[in-house]
Amino acid sequence: MKIIEKNLIWSFLIIAVFLLFKSSDEPLISLLSDTFLGEMLYKFELGNSIIFNICIGYIVSLLFYLLVVVIPEKRKQKELTKELGQVVSFILEAFFLDRRDFSIIFHWSKHAINCKNINEHLKQFERFKQEASYKRLGEMKAICLVQSAHAILPTFEQLVPVAFQISYKHAMLWISLTNSIRQIASLNDVKVDDIDWGILDLNLEEFVVYLGQFYDVS
């Protein structure tokens, strides 16, 4: 929902509540009657049933809109974002492998559904941001990351429609994340001695930027 629309909705709510009191035939409660609000909300000389009913209708409609549309939509977006996070976690867990894990280099044999919640990794986002380069990763971890990108790329591509269900902005960011993964995955078909690790650095840097925007990490 656009900011202007939000401002209009809540502005109309304030106006509706104000006019609700002003047009009601009911006496003002004692707690308010002796305050400055009592003077502001002092009712019209004659209760106006048309204004009163319009205000009641708007307030009730807004409540139903929040309960039936906004809250479920927000919940759905949150759930979908979390589900997409499982796939992103697959990449991040390859990135955060400890050196002792290199004896099991084939991280890509793991299923994304078994990865940690994305929020666990986002707590270390600054570390990922600082170390996302071949020089900081080292050759073994870089190879593992390339293998993981190659394995998870089809899943990234298949989940583009899911990202569109969250929002157009999220979908565009997901496509950008997918493109970064695709470029990293392309290194899997190159002999290690011939790999241009600058491709990894460039796309890891972009991946970090898009990931931060996708999950709104400041």
Side-chain angles (χ1 to χ4, degrees), residues 1-14 16-17 57-98 107-132 144-145 148-185 203-218:
M1 190 184 297
K2 295 181 180 179
I3 295 177
I4 296 177
E5 292 175 351
K6 287 183 178 179
N7 290 338
L8 284 174
I9 287 173
W10 295 113
S11 297
F12 285 142
L13 176 62
I14 294 172
V17 172
Y58 180 80
I59 294 171
V60 171
S61 298
L62 180 57
L63 288 175
F64 271 103
Y65 173 69
L66 292 173
L67 292 172
V68 176
V69 179
V70 176
I71 295 176
E73 186 65 24
K74 291 292 184 183
R75 186 182 296 115
K76 178 183 176 183
Q77 290 179 348
K78 186 175 181 181
E79 290 174 353
L80 291 176
T81 304
K82 181 180 177 181
E83 291 173 5
L84 290 174
Q86 292 295 108
V87 182
V88 177
S89 289
F90 187 86
I91 293 295
L92 298 184
E93 288 191 15
F95 180 88
F96 289 127
L97 278 175
D98 294 326
H107 167 75
W108 46 258
S109 65
K110 180 177 183 177
H111 294 290
I113 196 171
N114 295 320
C115 292
K116 294 180 181 178
N117 187 296
I118 184 63
N119 292 328
E120 297 277 331
H121 295 301
L122 292 179
K123 293 175 183 177
Q124 303 183 68
F125 184 75
E126 285 302 316
R127 176 187 165 190
F128 181 46
K129 191 174 180 180
Q130 293 169 7
E131 299 185 8
C144 183
L145 193 61
S148 300
H150 182 265
I152 204 67
L153 175 60
T155 307
F156 265 88
E157 294 172 336
Q158 292 163 8
L159 288 174
V160 170
V162 177
F164 270 103
Q165 292 181 48
I166 301 174
S167 72
Y168 178 80
K169 178 182 177 182
H170 282 87
M172 293 299 99
L173 288 169
W174 188 261
I175 291 173
S176 297
L177 286 169
T178 302
N179 287 336
S180 296
I181 294 298
R182 183 179 294 109
Q183 293 302 316
I184 295 172
N203 286 282
L204 266 183
E205 182 180 351
E206 292 180 347
F207 185 83
V208 171
V209 173
Y210 299 138
L211 180 62
Q213 294 176 2
F214 190 88
Y215 288 98
D216 195 21
V217 180
S218 59

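Counting begins at 1 with the first residue of the sequence. All figures in this text were calculated on a predicted structure; none of them were measured in a lab.
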Which heavy atom of [X] sits nearest a heavy atom of [Y], and at what distance?
{"X": "Leu153", "Y": "Ala185", "value": "CD2-CB, 4.2 Å"}
{"X": "Leu145", "Y": "Ile91", "value": "CD1-O, 3.6 Å"}
{"X": "Ile9", "Y": "Tyr58", "value": "O-OH, 2.8 Å"}
{"X": "Gly212", "Y": "Phe125", "value": "CA-CZ, 3.7 Å"}
{"X": "Phe214", "Y": "Thr81", "value": "CE2-CG2, 4.0 Å"}
{"X": "Ala16", "Y": "Ile59", "value": "CB-CG1, 4.1 Å"}

Would you check if [X] and [Y] make a side-chain contact, meaning some heavy-atom pair closer than 4.5 Å?
{"X": "Lys78", "Y": "Arg75", "answer": "no"}
{"X": "Asn203", "Y": "Asn179", "answer": "no"}
{"X": "Ile118", "Y": "Gln86", "answer": "no"}

Would you say [X]'s side chain and [Y]'s backbone share a donor-acceptor pair under 3.5 angstrom?
{"X": "Glu93", "Y": "Lys116", "answer": "yes"}
{"X": "Tyr215", "Y": "Gly85", "answer": "yes"}
{"X": "Gln165", "Y": "Leu80", "answer": "no"}

Taking atom [atom1] of [X] and atom [atom2] of [Y], what is their separation to the nearest 0.5 Å?
{"X": "Asp216", "Y": "Leu173", "atom1": "CG", "atom2": "CG", "value": "10.5 Å"}
{"X": "Phe12", "Y": "Ser61", "atom1": "CZ", "atom2": "OG", "value": "13.5 Å"}
{"X": "Ile166", "Y": "Glu83", "atom1": "CD1", "atom2": "CD", "value": "8.5 Å"}
{"X": "Lys74", "Y": "Leu66", "atom1": "NZ", "atom2": "CG", "value": "11.0 Å"}
{"X": "Leu122", "Y": "Asn119", "atom1": "CG", "atom2": "CG", "value": "6.0 Å"}

* To do: Start with the C-alpha distance between Phe128 and Leu211, add both sets of side-chain angles, then the distance that settles side chain to side chain contact (heavy atoms under 4.5 Å, CB included), and finish with yes or no.
  => CA-CA 11 Å; Phe128 181 46; Leu211 180 62; 4.1 Å; yes

* Step by step, would you call Tyr65 with Leu62 a side chain to side chain contact (heavy atoms under 4.5 Å, CB included)? -> CA-CA 5 Å; Tyr65 173 69; Leu62 180 57; 4.3 Å; yes

* Asked: Under the salt bridge (Lys or Arg N to Asp or Glu O under 4.0 Å) test, which residues partner Glu157, sequence neighbours left out?
  ->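 For Glu157, the residues satisfying salt bridge (Lys or Arg N to Asp or Glu O under 4.0 Å) (neighbours in sequence not counted) are Arg182.
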
* Can you name the residues that form a salt bridge (Lys or Arg N to Asp or Glu O under 4.0 Å) with Glu131, not counting sequence neighbours? ->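 For Glu131 the salt bridge (Lys or Arg N to Asp or Glu O under 4.0 Å) partners, ignoring immediate neighbours, are Arg127.
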
* **Pairs meeting criterion side-chain hydrogen bond (donor to acceptor under 3.5 Å, both in side chains) with involvement of residues 168-178, two or more places apart** =>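 Sorted result for residues 168-178: Ser167-His170.
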
